[in-house]
Amino acid sequence: VWWAALPSDHLVDVQYPHGKHGLAGRVSNSAKISTKQSFLKFVDENSQVNGRRLDSRNPTHYIFPKFRTISEPKRGVSAYNEKVKTSLVCEFNRTQKEAGLDTISSQTALNWMKAERPKTAIYPHQSDYCDYCSKVKVEIQACQQKLTRLLQGGSSSAEDIQEIRKNKEDLENDMEEHRRVARESLQHYRQLKERCEEQWKEITKLESTPSSPERDEKLKNLQSTFTLLLSADYQMSKLLPYWGYSAQPSSTYYMQKVSYDIYGIVDHRDGSGHLYLLNETTGPKNTDHSFSYLLHYLKSSGKVPSWVRRVHVFMDNAGSTNKNQYMMAATLEVLQQNILDYFRISFMVVGHTKFAPDLLFSSTARDFYGSDVFNERELVAVMEQHASVVFDSGRIVRAWRETVMKKYCSLPGIRGLHDFLGLRNRGEDAVMKVRDKCYTGTLKATPMKIATGMSASDRALPGVGQSYFALGMVKQLSESKQSHLNQMCANFIPQDRWHELATN
């Protein structure tokens, strides 16, 4: 080559800088690394885990519901100014502008999310979202695309085409079966709701009539066979202080806030809602909280008559709080202690548990996300517009998990089951029966029972009666979170609305 013979001092090393390649001028390439780091931190501080396992193919983190889109809305659309407030990019850019820093485009944000936070997504606001349905739809579309390519290519064998068609047909059949079971589970739940409400009306009507031998006998029979139906679930955690009406101060997006879990119970005698609130010093939420609040509502709230001995609860399929060994063992323990005679827990199809707590949470969320809620008093006030509220500082929740599994044998295959019936006949130990669907099938006996060879003192489980507070299990906020809370209260919140845990 002619230039190879030139002296070295005649050669120039030409290096193309980052902004000089074919993508020059695009924000995703010209944006500073510090801007990218700020954006990712903004995403992390404004999202939370959704309960899925880390190896799930679906999102494991949801961005807070106040953000309905990642991208900026198109200018000229209706309610543009309101939609800007619910755009992740727009709020991030506002915080950047106030600090005199660079902003980014919607496409840049989407690129960074795809590359760096692929398991973080906008909270699915639609009420009919199902991970399984979404996954199978994608697989069916992939089969259809592959089948189209094979047919258009003209060189594929009949066997290859038939195999793809068979795979697609199997997926479609699986989807239809999944939806059929979901429909029938929901229909069963609705029928039980109607039955509970009708039976309760009949009982209250009899209670209001004058006593007579015939009336008393009929009332006694109705009460002994009445099954109280409840639905229970957790609402998505809330963080305080929260700015939902006023513009949120930019710096607070990067500050740690106090997390609150909300456990909702709907009583199907009258459709009333009942909420239990706890902050992270008593959390994180687990089966101890779920079961303790259920039992508190049944036996300590004053809302359920003492003669109610049969309870049926529908729950969400969450394994960490509901559908696990601890929950079922605690169910047997309540029967064993003669608190109830019949305790049933049912689960609908994963992704299709559309039940009464969803409506309760929808109404509370609408008010919460449209308000400034800076402290626990204000959080309770928002929730009390829709339900009775109990705030637990650790004196209600009991340490069930640490004790019940010492007493009861484990239950295999629990994730694939959807109906769990705990029974205790007088003078006998409690037993658990199960079936794979909540609405049909034969209930089968299980090995979950009191372990053999236990002494009388071990069977008593004294630890179950102790609260988190009594056991010293209530924690303090971390130093960094306490510092951030103090800063937010001192700099951005009127003193009469400071958070209860602030130590200014």
- Any side-chain heavy-atom pair of M113 and I63 under 4.5 Å: yes

- Item | Shortest non-hydrogen contact from V136 toward L171 | CG1-O, 3.8 Å

- Could you walk me through whether Y293 and V397 pass side-chain contact (heavy atoms from CB on, under 4.5 Å), step by step? CA-CA 7 Å; Y293 298 151; V397 60; 4.3 Å; yes

- Roughly how far, to the nearest 0.5 Å, is the SG atom of C489 from the CG atom of L501? 9.5 Å

- Side-chain touch L240/K257, heavy atoms, less than 4.5 angstrom: no

- Message: Would the distance check show the side chain of W498 and the main-chain N or O of I493 forming a donor-acceptor pair, the cut-off being under 3.5 Å?
- Response: yes

- Message: Does E402, at its CD atom, have more than 12 non-hydrogen atoms belonging to other residues, nucleotides or ligands within less than 6.0 Å?
- Response: no

- Query: Parallel, tilted or perpendicular: which fits the ring planes of F420 and F347, with parallel below 30° and perpendicular above 60°?
  - Reply: perpendicular

- Item | Distance in Å, I345 CD1 paired with C438 SG, rounded so as to fall on 0.5 Å steps | 13.5 Å

- Min side-chain heavy-atom separation S134-V138 under 4.5 Å: no

- For the pair E197 and K193, find out whether any cationic side-chain nitrogen is under 4.0 Å from an anionic carboxylate oxygen. no

- Item | Min side-chain heavy-atom separation V350-Y132 under 4.5 Å | no

- Item | Carboxylate-amine/guanidinium contact E176 R179, below 4.0 Å | no

- Query: Any side-chain donor paired with an acceptor under 3.5 Å for D392 and T282?
  - Reply: no

- Point-to-point distance, once rounded to the nearest 0.5 Å, from CG of L379 to CZ of F374: 13.0 Å

- For the side chain of N486 and the backbone of T503, is there at least one donor-acceptor N/O pair under 3.5 Å apart? yes

- Query: Does S38 reach the main-chain N or O of S34 with its side chain, forming a donor-acceptor pair under 3.5 Å?
  - Reply: yes

- Can you check whether K303 reaches S388 side chain to side chain, under 4.5 Å on heavy atoms? yes

- Item | Q476 atom CD: more than 12 heavy-atom contacts under 6.0 Å | no

- Just checking, any donor-acceptor pair under 3.5 angstrom between side chains of Y234 and S290? yes

- Is the closest side-chain heavy-atom distance between W112 and V43 below 4.5 Å? no

- Message: Pair S480, Q256 - check side chain to side chain donor-acceptor pair (under 3.5 Å), show working.
- Response: CA-CA 8 Å; S480 60; Q256 299 176 50; 3.0 Å; yes

- Task: Evaluate the side chain to side chain donor-acceptor pair (under 3.5 Å) criterion for residues H289 and T321: first the C-alpha distance (whole Å), next the side-chain angles of each, then the deciding distance (0.1 Å), finally the verdict.
- Result: CA-CA 8 Å; H289 301 86; T321 55; over 6 Å; no

- Message: Under a plain distance cut-off of 3.5 Å, with no hydrogens placed, do E184 and T440 share a side-chain donor-acceptor pair?
- Response: no

- Using the side-chain contact (heavy atoms from CB on, under 4.5 Å) rule, take T353 and D233 through it: C-alpha gap first, then chi angles, then the decisive distance, then the call. CA-CA 10 Å; T353 306; D233 197 8; 6.0 Å; no

- Item | Nearest heavy atoms of P73 and V77, plus distance in Å | CB-CG2, 4.3 Å

- What closest approach, in Å, do F492 and S251 show between heavy atoms, and which atom pair accounts for it? CZ-OG, 3.4 Å

- Item | Ion pair R94/E91, N-O distance below 4.0 Å | yes

- Close aromatic pair by centroid cut-off 6.0 Å: F355 and F314: no

- What is the minimum heavy-atom distance between P357 and V266, and which atoms define it? N-CG2, 3.9 Å

- Is the closest basic N to carboxylate O distance between K481 and E280 below 4.0 Å? yes

- Task: For residues S71 and L110, determine if any side-chain heavy atom of one lies less than 4.5 Å from a side-chain heavy atom of the other.
- Result: yes

- Message: Quick check: closest heavy atoms across F64 and L239, and the distance to 0.1 Å?
- Response: CZ-CD1, 3.0 Å

- Side-chain donor-acceptor pair under 3.5 Å between Q487 and S483, yes or no? yes

- Nearest heavy-atom neighbours spanning L360 and G273: CD2-CA, 4.1 Å

- Report, as yes or no, whether the 6.0 Å neighbourhood of atom NZ on K475 holds more than 12 heavy atoms from other residues, nucleotides or ligands. yes

- Taking the six-membered ring for Trp, are Y253 and F67 parallel (under 30°), tilted (30 to 60°) or perpendicular (over 60°)? tilted

- Would K285 count as a cation-pi partner of Y263, with NZ or CZ less than 6.0 Å from the six-membered ring centre and within 45° of the ring normal? no

- Message: For the aromatic rings, using the six-membered ring if either is Trp, is the centroid distance between Y189 and Y439 under 6.0 Å?
- Response: no

- Message: I'd like to know if K135 and E139 make a salt bridge, using a cut-off of under 4.0 Å between side-chain N and carboxylate O.
- Response: yes

- Task: Find the distance between CZ (F291) and CZ (R398) and round it off to the nearest 0.5 Å.
- Result: 12.5 Å

- Verdict with supporting geometry, K166 and E169, salt bridge (Lys or Arg N to Asp or Glu O under 4.0 Å): CA-CA 5 Å; K166 179 66 166 55; E169 183 179 337; over 6 Å; no

- Query: Under a 4.5 Å cut-off applied to non-hydrogen side-chain atoms, are D372 and R497 in contact?
  - Reply: yes

- Item | Cationic N near anionic O, under 4.0 Å, R180 to E177 | yes

- Item | Backbone of D436 reached by a side-chain donor or acceptor of H418 within 3.5 Å | yes

- Query: Given K437 and D419, is the side-chain contact (heavy atoms from CB on, under 4.5 Å) satisfied, shown in steps?
  - Reply: CA-CA 6 Å; K437 295 182 178 67; D419 201 18; over 6 Å; no

- Message: If I take atom CG from residue N93 and atom CZ from residue F39, how far apart are they, to the nearest 0.5 angstrom?
- Response: 9.0 Å

- Item | Short N-O contact, R377 and E500, less than 4.0 angstrom | yes

- Task: Look at the side chain of Q325 and the backbone N and O of L411, then say whether any donor-acceptor pair between them is shorter than 3.5 Å.
- Result: yes

- Does D288 reach the main-chain N or O of A399 with its side chain, forming a donor-acceptor pair under 3.5 Å? no

- Message: Using a 6.0 Å cut-off, check whether atom NZ of K119 has over 12 heavy atoms from anything other than its own residue.
- Response: yes

- Go through the side-chain N and O atoms of Y260 and E376 and say whether any donor and acceptor fall under 3.5 Å apart. yes

- Message: Could you walk me through whether N167 and E163 satisfy the side chain to side chain donor-acceptor pair (under 3.5 Å) test, starting with their C-alpha distance in whole Å, then the side-chain angles of each, then the deciding distance to 0.1 Å, before giving a yes or no?
- Response: CA-CA 6 Å; N167 290 341; E163 181 180 356; 4.5 Å; no

- Message: Set out, in order, the CA-CA distance, both residues' side-chain angles and the distance that settles side-chain contact (heavy atoms from CB on, under 4.5 Å) for M315 and L294, then state yes or no.
- Response: CA-CA 11 Å; M315 296 182 180; L294 271 175; 3.3 Å; yes

- Task: Evaluate whether atom CZ of F469 has more than 12 neighbouring non-hydrogen atoms of other residues, nucleotides or ligands under 6.0 angstrom away.
- Result: no

- Query: Measuring from M383:CE to S363:OG, what's the distance to the nearest 0.5 Å?
  - Reply: 9.0 Å

- Item | Derivation of the side chain to side chain donor-acceptor pair (under 3.5 Å) call for Y297 and D267 | CA-CA 10 Å; Y297 178 74; D267 188 328; 2.6 Å; yes

